[in-house]
There are 2 protein chains.
Amino acid sequence: MDATAVQQVRAFNRTVAERIGALTDGFLGRGRPMGESRTLWEIGLGGTEIRDLRARLGLDSGYASRVLRSLEQEGLITVETSSGDGRVRYVQLTDAGRAERAELDRRADEVAWSFLEPLDAAQRDRLVTAMSDVQRLLLASMVDMAIEDPTTPDARWCIEQYFSELNTRFETGFDPSKSIPADTHELVPPRGALLIARLRGGPIGCGALKFHPGEPAELKRMWVAPEARGLGLGRRLLVELERHAKEAGTRVVRLETNRTLSEAIQLYRSSGYREVAAFNDEPYAHHWFEKRLR
Amino acid sequence: MDATAVQQVRAFNRTVAERIGALTDGFLGRGRPMGESRTLWEIGLGGTEIRDLRARLGLDSGYASRVLRSLEQEGLITVETSSGDGRVRYVQLTDAGRAERAELDRRADEVAWSFLEPLDAAQRDRLVTAMSDVQRLLLASMVDMAIEDPTTPDARWCIEQYFSELNTRFETGFDPSKSIPADTHELVPPRGALLIARLRGGPIGCGALKFHPGEPAELKRMWVAPEARGLGLGRRLLVELERHAKEAGTRVVRLETNRTLSEAIQLYRSSGYREVAAFNDEPYAHHWFEKRLR
DNA sequence: GCAATTCTCTGACTAAGGTCAGGAAAATGG
DNA sequence: CCATTTTCCTGACCTTAGTCAGAGAATTGC
């Protein structure tokens, strides 16, 4: 635990909390409690089901109900029973609600501008760049990874995303049935493992291992959601999978990959993988890599 | 108002508020309201007068009194009448209070570390660097400047700081009585102007103008507090003083300076000042500069 | 010496942001 | 079809973080 780094983070937290807090509170209040403004914002232009809204904002159902009642009385929203399921209620902005939301938007822009306005052009550039760095790295630090059951909807979703990305990127397209399979039951410990990366509860990446006792383990299904790229998650997934493989007694990890996946190839090379001769007849593969764990 | 920059600032605010808020609240609560924890922290190891404490935390006197009563009942602080002034009360941490404060400190460190811990060494470095940039630039954007009365204690304090800095930096030391004077009454409009920069209410820099109708105005007393250097305040003071001078009808600004003040000389050169022959016999000056305003 | 001011405390009040238990209505599982 | 679950609402209650008016004691200004 690096003490000067920690002190810098604490100084940052103090300054930023002071600056953001002072401005957003009150300024975005518009005479109504912040909770109502946040809710109004979160409903969005298209409307939402109340249960979704509650989940997104983390509200108690009683509290949410009262907040919505208050917004309804102000004439900003309408609430009606959802067409599909009679228990679920659907909330939408009225014209007045949309106008109010636009005003909140305008004010949030103004708050943001007040950060930049006192600075000269060079300082503004530096601030925006540094903010984007901080934001991306904070997002990265909010991601956590765990070995999960490959049969859950989230796990299946990740693997589907992976396949659909391969299909887009390979010159030939990608048909899973023509590739060497790695069925979900092969990814359940002790035969294998599926590692899922999550941000704010939602899945944003995965990677898998297939163990072959006495032989090298295979690395499969490495995927990171497009919006989460550039955060170093690929490397973290890889490190974590290698750690896991080693704990399971694996000495060597190997993998095959397609030539269009250049970032992945880069990652493997820079992580100590060396290219070896084809060790299987995967039709979509152009490169085969291997790494001895230590 | 640059829209993409504004969007980046908003994205930053959301992410950072989410991350900092979620962690600091509760984690630093220790079963007592945040207000009490903040107060406990702010009292510090040496103790404080309640009126100072109130000013620093911006608390209502009634509210502060209740918070302190509660901390007193928990056995964390003692409150006694100040020795000097019988109205003022002095608050100090007990041993238990100091232990509690140390625990808060430890937890704040832990929160900060939780930002860094998931990242690898290179990412940590980038995060700390970017945070320090953001923090400095946000501080810069919190500074505001105004023409103020040069006779107030804050104004006098700035000018004293300026003199004491000259005294430290000049090879010969600095004695104001041997220098060409610029008495406070000469810095009152319309004869002159004193610009003061403030951060969180406290003065952190100054700069002055002396007008000579029909002749160049003189720039004097440019000073920025050491802890606020590197924020571009010198340049902002200069720009603001030039703007003010121009509004007052001045065409040319000039100044003299000592060779040891290299950052200032840099600033003048890069702001369009060109060196001219000595236009006065200021004994402490080595360089004379002039700029035509437009 | 006395009026005005400063500092602290108490009591009464408020708003915001919740939590919790229970009930009604609709949907679902077997 | 019936028990269980899901979704939402209502009423009762709570803590936190204040604000405001007023009073008492000490100090300061003149």
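As a basis for the values below, the full set of heavy atoms in this structure was taken, side chains included, without hydrogen atoms, waters or symmetry mates. Just so it is clear, the structure is predicted and the values come from calculations on it, not from any experiment. In what follows, every chain begins at residue 1, and chains take the letters A, B, ... in the order their sequences are listed.
The distance from atom CD of E49(B) to atom P of dC9(C) is 13 Å, rounded to the nearest whole Å. Computed from coordinates, the L59(B) CG to dT8(C) C1' distance equals 14 Å when rounded to whole Å. Rounded to a whole Å, the CD1 atom of I77(B) is 13 Å from the P atom of dT8(C). Distance CZ (R54(A)) to C1' (dT19(C)): 13 Å, rounded to an integer number of Å. Taking atom CG of L68(B) as the reference point, atom C1' of dC7(C) lies 13 Å away to the nearest angstrom. Counting to the nearest Å, the P atom of dG18(C) and the CZ atom of R69(A) are 18 Å from each other. Summarising the geometry, the separation between CZ on R51(B) and P on dT8(C) is reported as 7 Å, rounded to the nearest angstrom.
A salt bridge links R107(B) with E103(B): at least one charged nitrogen is closer than 4.0 Å to a carboxylate oxygen. Taking a cutoff of 4.0 Å between a charged side-chain nitrogen and a carboxylate oxygen, E80(A) and R89(A) do not qualify as a salt bridge. Using a 4.0 Å cut-off between charged side-chain N and carboxylate O, D144(A) and R198(A) make no salt bridge.
Within the 4.0 Å cut-off from OP1 or OP2 of dT8(C), not a single side-chain nitrogen or oxygen of R89(B) is found. Between dA15(C) and R32(A), no contact under 4.0 Å exists linking OP1 or OP2 to a side-chain N or O.
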Sugar-phosphate atoms are those with a prime plus P, OP1 and OP2; base atoms are the rest. Using that split, label each nucleotide of nucleotides 21-29 of chain C B, S or - for protein heavy atoms under 4.0 Å, 5' to 3'.
-> -----BS--
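One donor-acceptor pair, N or O on each side, does fall under 3.5 Å between the base of dG11(C) and the side chain of R66(B).
Shown here are the salt bridge (Lys or Arg N to Asp or Glu O under 4.0 Å) partners of R14(B), two or more places apart in sequence or in another chain: there are none. By the salt bridge (Lys or Arg N to Asp or Glu O under 4.0 Å) test, D183(B) is found to be paired with no residue, residues two or more places apart in sequence or in another chain being considered. Not counting sequence neighbours, the partners of E117(B) by the side chain to side chain contact (heavy atoms under 4.5 Å, CB included) test are W113(B).
Among pairs with a residue in residues 44-54 of chain A, those fulfilling salt bridge (Lys or Arg N to Asp or Glu O under 4.0 Å) read E49(A)-R51(A), at least two apart in sequence or across chains.
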Residue pair M131(A), L138(B): steps toward the side chain to side chain contact (heavy atoms under 4.5 Å, CB included) verdict = CA-CA 10 Å; M131(A) 278 183 166; L138(B) 281 189; 4.2 Å; yes
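When the nucleotides dC9(C), dT19(C), dC7(C) are ranked by their closest atom to the side chain of V88(B), dC7(C) comes out on top.
First and last contacting nucleotides of DNA chain D toward chain B (any atom under 4.0 angstrom from a heavy atom, 5' to 3' order): dT16(D) to dT27(D).
For the residue pair T184(A)/R156(A), the side-chain donor-acceptor check at 3.5 Å is not satisfied.
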